[in-house]
S.K.: 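I am attaching a structure below and will ask some questions about it afterwards.
The figures here come from the full heavy-atom set of this structure, side chains too, leaving out hydrogens, waters and symmetry mates. As the structure is a prediction and not an experimental result, all values here were calculated from the model.
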Amino acid sequence: MYARTYSSTRYSPLTEITAKNVAELKQVCSYALPEAKVTFESSLVAIGGMLYFTTPQSTYALDGSTCALKWSEKHDMPGNPGVVRGVAVEGRRVFRGFRDGMVIAYDIRNGEQLWSTKMTAPDGRAATIALAPLVANGILYIGTSGGENNCSCFVAALDATTGKTLWTFNTVPKLGSA
């Protein structure tokens with residue numbers, strides 16, 4: 001999962017790579033993104049030999065040993081799509097958000113879109129989603145961001161099977177309220 005654990009430790013318990021053998025590591029493969037001028041800030045999620053990652057508009061699945069593309073799906077957005085940080089995976093679903101407020105679930109096997117949900121801020125604007133979501137026990141948690149856009153940021157929980165919004169939580173009080 002993104003950041004490895006629910007507490008985002010990012011620590012790997014693997015012991016195969018050590019200070020003594022790190023110099024012997026060699027590149028196995030690489031993949032050239034087909035998008036021009038893309039800002040890449042996605043963390044890779046590795047599951048069953050596959051690598052899942054995002055660019056601002058696309059979601060990718062690559063074979064981790066050959067870097068052969070298994071599938072990719074593009075979500076077109078107007079203007080500058082900004083940056084995004086990655087995916088969450090549970091069962092046969094790959095989840096991710098977009099900076100136009102869309103949250104999409106893809107079939108892990110072929111990239112087919114299973115559902116999409118448009119998140120909106122309490123003031124009606126499209127939510128800005130740049131964070132990687134988190135999924136646990138059939139619930140997808142996703143936070144919005146965009147302080148640079150004066151966003152009304154919130155956290156939401158969606159049903160991972162259907163994309164239905166279960167709840168949203170906004171801690172930012174309206175101006176003039178206590």
S.K.: Are Ser58 and His75 packed together at the side-chain level, in the sense that at least one heavy-atom pair is separated by less than 4.5 angstrom?
M.R.: no
S.K.: Leu51 versus Tyr60: any side-chain heavy-atom pair under 4.5 Å?
M.R.: no
S.K.: Taking ring-ring contact (aromatic ring centres under 6.0 Å, His included) as the definition, give me every residue that meets it alongside Tyr106, ordered by chain and number, with sequence neighbours left out.
M.R.: Trp71
S.K.: Not counting sequence neighbours, list each pair that qualifies as a salt bridge (charged side-chain N to carboxylate O under 4.0 Å, His left out) and has a residue in residues 101-111.
M.R.: Asp107-Arg109
S.K.: How about Lys164: does its NZ atom have over 12 heavy atoms from other parts shown lying under 6.0 Å from it?
M.R.: no
S.K.: Identify, with sequence neighbours excluded, every residue that meets salt bridge (charged side-chain N to carboxylate O under 4.0 Å, His left out) alongside Asp63.
M.R.: none
S.K.: Under the side-chain hydrogen bond (donor to acceptor under 3.5 Å, both in side chains) test, which residues partner Ser30, sequence neighbours left out?
M.R.: none
S.K.: Which pairs count as disulfide (SG to SG under 2.5 Å) when at least one residue sits in residues 81-131, sequence neighbours excluded?
M.R.: none
S.K.: Give me each pair satisfying disulfide (SG to SG under 2.5 Å) with a member in residues 95-131, each pair once, sequence neighbours excluded.
M.R.: none
S.K.: Once salt bridge (charged side-chain N to carboxylate O under 4.0 Å, His left out) is applied, what residue pairs with a partner in residues 66-80 remain, sequence neighbours excluded?
M.R.: Lys74-Asp76
S.K.: Closest approach of Pro133 and Leu140, non-hydrogen atoms and distance?
M.R.: CB-CD1, 3.6 Å
S.K.: Grouping I, L, V, M, F, W and Y whenever their side-chain heavy atoms are under 4.5 Å apart, do Leu62 and Phe40 come out in a common cluster?
M.R.: yes
S.K.: Would you call Arg99 and Pro81 a side-chain contact if the rule is heavy atoms closer than 4.5 Å?
M.R.: no
S.K.: Is it true that Leu69 and Leu44 fall in one hydrophobic cluster, defined by side-chain heavy atoms closer than 4.5 Å?
M.R.: yes
S.K.: Is it the case that one hydrophobic cluster holds both Ile129 and Val84, taking links as side-chain heavy atoms less than 4.5 Å apart, direct or via other members?
M.R.: no
S.K.: Mind listing the closest non-hydrogen atom pair of Val28 and Ser65 along with its distance?
M.R.: CG1-O, 3.2 Å
S.K.: Using a side-chain heavy atom cutoff under 4.5 Å and only I, L, V, M, F, W and Y, what cluster partners does Leu25 have?
M.R.: Ile17, Val22
S.K.: Measure the shortest side-chain to side-chain distance between Phe98 and Ile104 over non-hydrogen atoms and say whether it is less than 4.5 angstrom.
M.R.: yes
S.K.: Taking the side chain as every heavy atom from C-beta outward, state whether Trp115 and Gln113 have any atom pair closer than 4.5 Å.
M.R.: no
S.K.: Please report the closest heavy-atom contact between Ala157 and Ile139, naming both atoms and the distance.
M.R.: CB-CG2, 3.7 Å
S.K.: Would you sort out whether Thr144 and Cys153 count as a side chain to side chain contact (heavy atoms under 4.5 Å, CB included), showing the intermediate values?
M.R.: CA-CA 5 Å; Thr144 62; Cys153 297; 3.6 Å; yes
S.K.: Can you tell me which residue pairs pass the salt bridge (charged side-chain N to carboxylate O under 4.0 Å, His left out) test with a partner in residues 79-90, sequence neighbours excluded?
M.R.: Glu41-Arg85
S.K.: So do Tyr6 and Leu134 actually touch side chain to side chain, heavy atoms under 4.5 Å?
M.R.: yes
S.K.: Is it true that Ser7 and Thr5 share a donor-acceptor pair across their side chains at a distance under 3.5 Å?
M.R.: yes
S.K.: Same cluster or not: are Leu114 and Val103 linked, directly or through other Ile, Leu, Val, Met, Phe, Trp or Tyr residues, by side-chain heavy atoms under 4.5 angstrom apart?
M.R.: yes
S.K.: Before giving the answer on side chain to side chain contact (heavy atoms under 4.5 Å, CB included), spell out for Gln57 and Val38 the whole-Å C-alpha distance, their side-chain angles and the decisive distance to 0.1 Å.
M.R.: CA-CA 9 Å; Gln57 295 188 65; Val38 65; over 6 Å; no
S.K.: What pairs meet the salt bridge (charged side-chain N to carboxylate O under 4.0 Å, His left out) rule with one or both residues in residues 11-32, with sequence neighbours excluded?
M.R.: none
S.K.: Go through the structure and list residues passing side-chain hydrogen bond (donor to acceptor under 3.5 Å, both in side chains) with Thr165, not counting sequence neighbours.
M.R.: none
S.K.: Checking Val87 now: which residues fulfil side chain to side chain contact (heavy atoms under 4.5 Å, CB included) with it, not counting sequence neighbours?
M.R.: Val45, Tyr52, Thr54, Thr59, Val89, Val94, Arg96
S.K.: Contact between Thr168 and Val155 at the side-chain level, heavy atoms closer than 4.5 Å - yes or no?
M.R.: no
S.K.: Mind checking whether Pro34 and Tyr31 have side chains closer than 4.5 Å, heavy atoms only?
M.R.: yes
S.K.: Do Ile108 and Phe53 share a hydrophobic cluster (ILVMFWY, side-chain heavy atoms under 4.5 Å, transitive)?
M.R.: no
S.K.: Write down the atom of Gly143, the atom of Leu131, and the distance for their closest heavy-atom approach.
M.R.: O-CD1, 3.6 Å
